[in-house]
Amino acid sequence: MKKGILAFVSGFFCCALLSIPIISYLKNSSFEYGKSKGYVDGVLDSAVALEKEFGSIDYSDKNFEKVIFSIKTTEVVLVKVNGVKTIKVTGF
């Protein structure tokens with residue numbers, strides 16, 4: 001009986017010690033995933049806010065000077081209208 005309990009307890013502690021690095025890795029990778037997801041959501045939210053404020057243009061026009069930032073299928077671009085530079089939002 002004592003051998004069975006000793007085997008169970010030692011097996012439990014061995015598994016616990018071996019699982020610590022795995023749990024640590026999973027915790028770090030889930031943190032990085034959440035961090036990158038939050039970044040993407042924030043950039044998309046800022047593009048939507050800029051589109052409400054400054055409007056949008058068709059991507060097929062290609063009459064923009066520079067891409068300020070791009071995320072997924074949305075781009076915030078620099079457009080020159082009547083000699084005045086402004087930003088617009090475009091999508092693919």
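Just the heavy atoms: all of them, side chains too, but no hydrogens, waters or symmetry mates, feed the values below.
Looking at residues two or more places apart in sequence or on another chain, you find no side-chain contact (heavy atoms from CB on, under 4.5 Å) involving Asp45. Residues that satisfy the side-chain contact (heavy atoms from CB on, under 4.5 Å) test with Ser19, not counting sequence neighbours, are Ile23. Listed by chain and residue number, Met1, Val9 satisfy the side-chain contact (heavy atoms from CB on, under 4.5 Å) test with Ile5 (two or more places apart in sequence, or in another chain).
Hydrophobic clustering (ILVMFWY, side-chain heavy atoms < 4.5 Å, transitive): Val81 and Phe64 are in one cluster.
The shortest distance between side-chain heavy atoms of Ser56 and Glu51 falls below 4.5 Å. Contact check for Asp58 versus Thr90: no side-chain heavy atoms found under the 4.5 Å cut-off.
Apart from Val84 itself, the hydrophobic cluster it occupies contains nothing, where clustering links Ile, Leu, Val, Met, Phe, Trp and Tyr at side-chain heavy-atom distances under 4.5 Å. Counting side-chain heavy-atom gaps under 4.5 Å among Ile, Leu, Val, Met, Phe, Trp and Tyr, the cluster of Leu78 also holds Tyr39, Val40, Val43, Leu44, Leu50, Phe54, Ile68, Phe69, Ile71, Val76, Ile87, Val89.
The NZ atom of Lys88 sits 11.0 Å away from atom CD of Glu53, with the distance rounded to the nearest 0.5 Å. Atom-to-atom distance recorded for Lys85:NZ and Lys66:NZ is 8.0 Å, nearest 0.5 angstrom. A distance of 10.0 Å separates OG of Ser10 from CZ of Phe8, quoted to the nearest 0.5 Å.
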